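Note that the structure is a prediction, hence the values are computed from the model and not measured. Starting from 1, each residue takes its place in the sequence as its number. For the numbers below, each heavy atom of this structure counts, side chains included, while hydrogens, waters and symmetry mates do not.
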Amino acid sequence: MSSTTQNNGLGKDYNLSQIVALAFTYRHILEACQWFPALTILAPIGLKVVFFLADGLTRNHSFITVVSTVCVTILFRRMTRSFAPSAKQAEEDLDRYKLRIPFGVFTLITLIVRFIIVRFEESLGWANSLTWSPSFSFGVAVQLALGMLFLGISVIFQYIGPASVVRCSSSPLFENPVSGWIKAAGVNLQHSPAAFADFMSKPSEINASSTGWSFANNARRLQRPTLWATAQQLLASIIIGTMVAYTCAVPLFSKWFPSGSPSTIVASCIFAVVINLLSRLDGVAHEISPYRHRFGARSDRGLFGELSLSNPSFIIIACVVVPILSLLSSFGSREPNTGTFSSFMACPVTTWLIIFYLNFVDEELRKALCATPINMKRTVDEISGEEGMQTYLDVTMCSILHSDLALVEQLSAIGKVRLLSLDREERVLNEEAMKSMANNLLQKTSGDENGAHLEEDIFRLSILSSLGGSGRGGGPPFDDAGKHHLQNIRLWVPPPKTEQDGVSRNEISPVPLVRALCALGGGFGEALTMCSSQPTSSPIFPWSLPPGALVQSEYSIRAAARCIVCSLVNSAQCRTDWRSSHLSMMIPVFLNSACRLQTGAVRYVERKRAFKQAIATKKKVKSKALAVGLEAPFNPDQDRHLLQTESPELLPVYNACNSSASMILEQLYSLDGGKYHGLRLEGVTQRWVKHLTDIIGSMTNQSTNGIMPAAY
């Protein structure tokens, strides 16, 4: 369905949502790319000030003092993580003493250098042997800053613009026609020559247009960037590599390696920028992974390991390609005797530095885009210039529902005359919303999406992360949430009014927000079910799930559950009747959406496994045998094992559905004595909730009897 043909009176909110998304994303991109050139220009002055002060304390041994302080601090932090009782305790201690640790290490190193190393040098007659300090002129700093600026522009061009290749896709992605045809041809050739000959007579069977689905006309629904976008990126990389060479690399290396060949350095710059781009187009490297790139996610791989993981060709280039290229290019130097060595040194050094800087900037930029805003409403107010919860609700609804203005208006309606019971009508509305969202995720064409893509996906991710992200410090029953997550939740579900408030803090109803969150999570599950039941004659499984889509579905379910639980906790009347909560009618809707997401994940993995087994046994997949629906047998243990072995990336989504539903059911258990009166469910949702309530009841009985309960 088209989301832009009719605005239904919400065009202003749609435009505002796009403006906020653009400003929110571009602010992070520009900030991440301008810091390093700016710091480089200020480096000469900063180094002189730092080393001047340190020289006075260490008797001209400032450089060795600073380097030792950095190394010992890093070593101390690593040892703290290794010997701490738990990872959580280690992070809390390091965060508590993040300033005291480097200051204490610096003080200790300064005393050691001044009273031990200096005297040891004097006793051996080695005075001033360790007093060297680095310094470079302002002109060199400007040249380096220009090079960094141009390299930053190359990174920005990959993120924004019509030819951008970096994504944070929020929907299942279909195989590109060309690569899909090549894979299908390989599978048929592996089966038999007859199957390959039959496939070659029908070369268009992998094309999405043969299915009748309109995502064939939308490049943003394909797994890899188009050839046209790749060609534009390659041209931009060549131009930027040349500019970096003549503004930075050639002037600097001509001073350090005067006998080297300038053409070698130019070729190295172009080669480094181009090969970095091509490595980003390999597999899903162009997809932003919020799980890995969010701030606060610790890694034992270190900086070099992170860059190697994000760019697998980095190690290959550093170990094999660059030395060979430098040897071949060194024979064209102006002075063969000394020029060969100069070119051999300049080529790999230039390539390594450029690739390292491009990867470093890209990693920092992805972390900045995946960071959770502390106060999302304040961020939206600053960008939009408008305050008030109604504006915040409109922008949030447009973002969560993918700017489907008809769906936004439908889910925002409050207080209309109802023909059915309240909970029944909410379930009917939820079913319609999930189907509409699934169609939006799978069948939007390029004409439906004339606006920004990465920008809206990043903004949607930030909104969902501010409500449903994981953290610590929230306290029961929000043990998996951080304090800032609860602050954002309480903007929508505030505590009850007190006499000191004067006016109520409930400016708007949180019902539309919870409806939208359930529609997004359940709609993604419905989309997975549609992918698993789609008939196809292709021998390969044409779908893939980007990490951004998985994170958004997980966060949407968590956010909806937190809103509902917060409503139950805040209301004093819920202690006698949980149905008195103003979000009580959303509990069956949430459980239905979470079950739809969980079931869709299982059906998707079953379909994927069937294709994998068919390729291994050299048999053709039968579409009818795979046309599974929502009424498949319910087996939680088997489903969890299936996800662990076949698609572990879907396991966090599966677990989030269980933990979020259990959080609500535990709250109802404590309020209703385990009876769950008024909770009307049907089909597989009823069986799933019955399974969870049995576990909750068993764990409660074990706790009452003094037995340590087992984990879910």
Can you name the nearest heavy-atom pair linking Thr73 to Pro102, along with the distance?
OG1-CA, 4.0 Å
List the atom of Val166, the atom of Leu454, and the distance in Å for their closest heavy-atom pair.
O-CD2, 3.8 Å
For Arg96, the side chain to side chain donor-acceptor pair (under 3.5 Å) test, sequence neighbours excluded, returns Asp93
Just do the salt bridge (charged side-chain N to carboxylate O under 4.0 Å, His left out) check on Asp381 and Arg378 with the steps written out, would you?
CA-CA 5 Å; Asp381 291 344; Arg378 183 185 304 169; over 6 Å; no
Partners passing side chain to side chain donor-acceptor pair (under 3.5 Å) against Gln158 (at least two apart in sequence or in another chain)
none
Minimum heavy-atom distance between Gly147 and Cys248, given as atom pair plus value
CA-CB, 3.9 Å
Side chain proximity check, Glu455 to Ile458, heavy atoms < 4.5 angstrom:
no
Looking only at heavy atoms, which two atoms of Thr40 and Pro44 are closest? And how far apart?
O-CD, 3.5 Å
Checking Ala43 now: which residues fulfil side chain to side chain contact (heavy atoms under 4.5 Å, CB included) with it, not counting sequence neighbours?
Phe136
Has the side chain of Ser466 got a donor or acceptor atom that lies under 3.5 Å from a matching backbone atom of Ile463?
yes
Do the non-hydrogen side-chain atoms of Cys269 and Thr242 ever get within less than 4.5 Å of each other?
no
What I'd like to find out is whether the side chain of Ser154 reaches to under 4.5 Å of the side chain of Leu358, using heavy atoms alone.
yes
Full working for side-chain hydrogen bond (donor to acceptor under 3.5 Å, both in side chains) between Ser169 and Glu287
CA-CA 7 Å; Ser169 301; Glu287 288 282 353; 2.8 Å; yes
Partner residues of Leu235 under the side chain to side chain contact (heavy atoms under 4.5 Å, CB included) criterion, sequence neighbours left out:
Ile239
Expected output: side-chain Thr379 to main-chain Asn375 donor-acceptor under 3.5 Å
yes
Any donor-acceptor pair under 3.5 Å from Ser399 side chain to Val395 backbone
no
Taking ring-ring contact (aromatic ring centres under 6.0 Å, His included) as the definition, give me every residue that meets it alongside Phe24, ordered by chain and number, with sequence neighbours left out.
His28, Phe459
Could you check if a side-chain atom of Leu57 sits within less than 4.5 angstrom of a side-chain atom of Arg114, using non-hydrogen atoms only?
no
Nearest heavy-atom contact between Ile288 and Pro547 is O-CG, 3.6 Å
Are Val273 and Leu277 packed together at the side-chain level, in the sense that at least one heavy-atom pair is separated by less than 4.5 angstrom?
no
Please enumerate all residues that pass ring-ring contact (aromatic ring centres under 6.0 Å, His included) together with Phe36, with sequence neighbours excluded.
Phe360
With sequence neighbours left out, write down each residue that passes side chain to side chain donor-acceptor pair (under 3.5 Å) with Ser465, or none if nothing qualifies.
Thr372
Phe157: what forms a side chain to side chain contact (heavy atoms under 4.5 Å, CB included) with it, not counting sequence neighbours?
Ala163, Gln233, Ala236
Does a donor on one side chain sit under 3.5 Å from an acceptor on the other, for Asp362 and Tyr159?
yes
Side chain to side chain donor-acceptor pair (under 3.5 Å) partners of Gln143, counting only residues at least two apart:
none
Taking all heavy atoms of Ser170 and all of Arg460, pick out the closest pair and write down the distance.
OG-NH1, 3.5 Å
Ile41 meets the side chain to side chain contact (heavy atoms under 4.5 Å, CB included) criterion, sequence neighbours left out, with Phe138, Ala145
Can you find a pair of side-chain heavy atoms, one from Ile156 and one from Leu365, that are under 4.5 Å apart?
no
